[in-house]
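Since the structure is predicted, the reported quantities are computational estimates derived from the model, not experimental observations. Numbering of ligands and ligand atoms starts at 1, following listing order.
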Amino acid sequence: MKKILWFRRDLRVHDSMLLATEGEVLPIFIFDTNILNSLEKNDKRVSFIFEQVLKLKTDLKAMGLDLALFYGTPLEVFTYLKTLEFSEVYASVDYDSYAKERDAKIAEMLSFHALNDCYLFEPNEVLKKDGSPYLVFTPYYRACQALYTQFYALEYARAQQSLTNFDYNALWSIQDGAKTALHVKLESMGFEPLHVNVLEPQKALEIFTCKVDSYAEKRDFLDEDATSHLSVHLRFGTLSIREIVRFLVNLKKQSHVTEPFFRQLIFREFYAYLLYHFPKLEWENYKYSPPVSKDEDAYERFIKAETGYPLIDAAVMELLTTGLMHNRARMVVGSFFTKHLMLPWQKGEVFFAKYLLDYDASANILSWQWCAGTGIDPQPYFRIFNPYAQSLKFDKEARYIKRYLPILSDVPASSLHKEVYLMSHDIAGYPKPLIGHESARKRFLSEFARAH
Ligand SMILES: Cc1cc2nc3c(=O)[nH]c(=O)nc-3n(C[C@H](O)[C@H](O)[C@H](O)COP(=O)(O)OP(=O)(O)OC[C@H]3O[C@@H](n4cnc5c(N)ncnc54)[C@H](O)[C@@H]3O)c2cc1C
């Protein structure tokens, strides 16, 4: 029986569940027009994915396989493939609503095998004694620790596979049942090729070896390069989660401190798990409904990095220029957006989704809910980050702020952490804070109390 291996969040040949599937296979990648049509033509992620897909194709060829490339909706592509007498499709799990609906439709056409290749644990494996899902991270984490054995990090070896006969040299556009051969170029899909600066996965692991011991102590400091930079690879599966765990196990054997980092990997699992068990969290509040305003002017100033809060504006500039944002900055920005500006977290989530190279529906949505104080553990609604105190603590010399806001390079670092200075001085080309911290804090708390 001919099998379709559908690569999507697992763009690698090493330690791949798809490649551990025996038989005659057609490895494919679909440039999904349902997604691509909503993106700007200079979206950096499309360039990154395209580059990774070409690398995957080259790696597969070196193994005697290949990758068939399609451009169209998955439904149209599989309708076409069904005419070629394929009956089975294998793909890794994906839990956001679009992905679930898409996979359900494909499963009506072909026998669909979902592989848990992006996460360590299956969502139904980690349950409370009464069989219900965990809602709080710490007990979930303990349950994962108790469940974990080396079995979860085993490397998947390649199975005996033969390649289905197919014309692998084109990018096949499938529209209204018709198949057209396009050149294998980003421009064929109307996208602009861009250079995307992402560390190679093995290089990122190698560099992280020197950082792992001080990860917990340094990861919050905005100017310290103390984290792993693995999120983009985890998102697209250019590195296997099991390989990262094996890497940590080895480091642990050499007496390195690995637990704080492992915990973050489990946070990633937890957010995917919550979205799997509670799909409504994609748009509905978890428990509390924070007050929201319709202040379009505040939103416009926020997305242009013109709030007058140096840390917030620097973080937005980091996102707009690099496609990433430091985790501490994401937390403070999320809090500021939902509490100081009282804008709906869903709007902030969409803004991040537009620019983040590592955009992952579950991590982004649940992190935004956490920031908004909707009740996602362990953030209480009354925790409101003070952006000035945060920059003083985590960017004392204002190096992060000045890197992304060079307009502030002549302002003494200490002044950039003081609202009174920013409110009372004119800084050429930089606005005054759009709202005072204390009044914003009080406004949010009183509105929250009124609503609950
Ligand atoms: C508002 C907000 C939105 C976010 N959106 C995303 C997103 O779309 N995609 C994304 O991958 N991460 C998201 N995060 C989590 C976190 O900011 C990034 O994973 C991290 O900054 C990536 O850098 P790193 O790989 O160097 O992280 P490290 O600190 O080296 O962490 C290692 C890995 O653990 C995972 N991880 C770490 N922290 C978290 C977390 N809080 N939640 C879930 N997973 C985590 C990531 O996969 C990360 O690559 C968000 C956090 C916030 C507060």
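- The backbone and the side chain of N327 each have at least one atom closer than 4.0 Å to an atom of ligand 1 (non-hydrogen atoms only).
- Between S367 and Y271, some side-chain heavy-atom pair lies under the 4.5 Å cut-off.
- Atom 33 (C) of ligand 1 has as its closest protein heavy atom L265 CD2, 3.9 Å.
- Counting only heavy atoms of the protein, atom 6 (C) of ligand 1 lies nearest to R330 NH1, 3.2 Å.
- Residue contacts with ligand 1 for W370 are absent, since no atom lies close enough (heavy atoms, distance under 4.0 Å).
- Taking each heavy atom of F336 and P387 in turn, the nearest pair found is CD1-CG, 4.0 Å.
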Stepwise side chain to side chain contact (heavy atoms under 4.5 Å, CB included) check, L127 with Y134: CA-CA 6 Å; L127 297 170; Y134 285 97; 5.6 Å; no
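- Nearest protein heavy-atom neighbour of atom 30 (O) of ligand 1: S228 OG, 2.6 Å.
- Residues D225 and K211 have side chains in contact (heavy-atom distance under 4.5 Å, counting atoms from C-beta outward).
- Distance from atom 31 (O) of ligand 1 to its nearest protein heavy atom, with residue and atom name: Y215 OH, 3.5 Å.
- Scanning all protein heavy atoms for the shortest distance to atom 9 (N) of ligand 1 gives D358 O, 2.9 Å.
- Close approach of ligand 1 to S231 (heavy-atom distance below 4.0 Å) involves ligand atoms 11 (O), 22 (C), 23 (O), 25 (O), 49 (O).
- Those atoms of ligand 1 that come under 4.0 Å of a heavy atom in L230, given as number and element, are 25 (O), 49 (O).
- For ligand 1, the atoms lying closer than 4.0 Å to a non-hydrogen atom of R268 are 43 (C), 44 (N), 47 (O).
- The closest approach between any non-hydrogen atom of M331 and ligand 1 is below 4.0 Å.
- Protein heavy atom in closest approach to atom 24 (P) of ligand 1: H229 N, 3.7 Å.
- Between W368 and F352, the gap from one ring centroid to the other is short of 6.0 Å.
- Under a 4.0 Å criterion applied to the non-hydrogen atoms of L234, ligand 1 contributes the atoms 47 (O), 49 (O).
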Residue pair F270, L275: steps toward the side chain to side chain contact (heavy atoms under 4.5 Å, CB included) verdict: CA-CA 9 Å; F270 183 54; L275 198 60; over 6 Å; no
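- Under 4.0 Å from ligand 1, not a single heavy atom of F208 appears.
- Using a 4.5 Å heavy-atom cutoff, the side chains of D313 and K304 are not in contact.
- Distances below 4.0 Å separate heavy atoms of Q264 from the following atoms of ligand 1: 34 (O), 35 (C), 36 (N), 37 (C), 38 (N), 39 (C), 45 (C).
- Residues F29 and F70 keep their aromatic ring centres 6.0 Å or farther apart.
- Considering backbone and side-chain N/O of Y271, none are found under 3.5 Å from N/O of ligand 1.
- Of the N or O atoms in Y359, none lie within a sub-3.5 Å distance of an N or O in ligand 1.
- Aromatic rings from F444 and H340 are positioned such that their centres are separated by 6.0 Å or more.
- Side-chain atoms of E259 and Y215 form no donor-acceptor pair, as typed in the model, at a separation below 3.5 Å.
- Between F261 and ligand 1, not a single N/O pair is under 3.5 Å apart.
- The closest protein non-hydrogen atom to atom 4 (C) of ligand 1 is N364 OD1, 3.5 Å.
- The aromatic rings of H326 and Y400 sit perpendicular, their planes meeting at an angle over 60°, well past the 30° parallel limit.
- From the protein, the heavy atom lying nearest to atom 2 (C) of ligand 1 is S367 CB, 3.3 Å.
- Using cut-offs of 30° and 60° on the angle between ring planes, the pair Y299 and F351 is perpendicular.
- With a 4.0 Å cut-off on non-hydrogen atoms, D360 touches ligand 1 through its backbone as well as its side chain.
- Considering only heavy atoms from C-beta on, F50 stays 4.5 Å or farther from P193 through its side chain.
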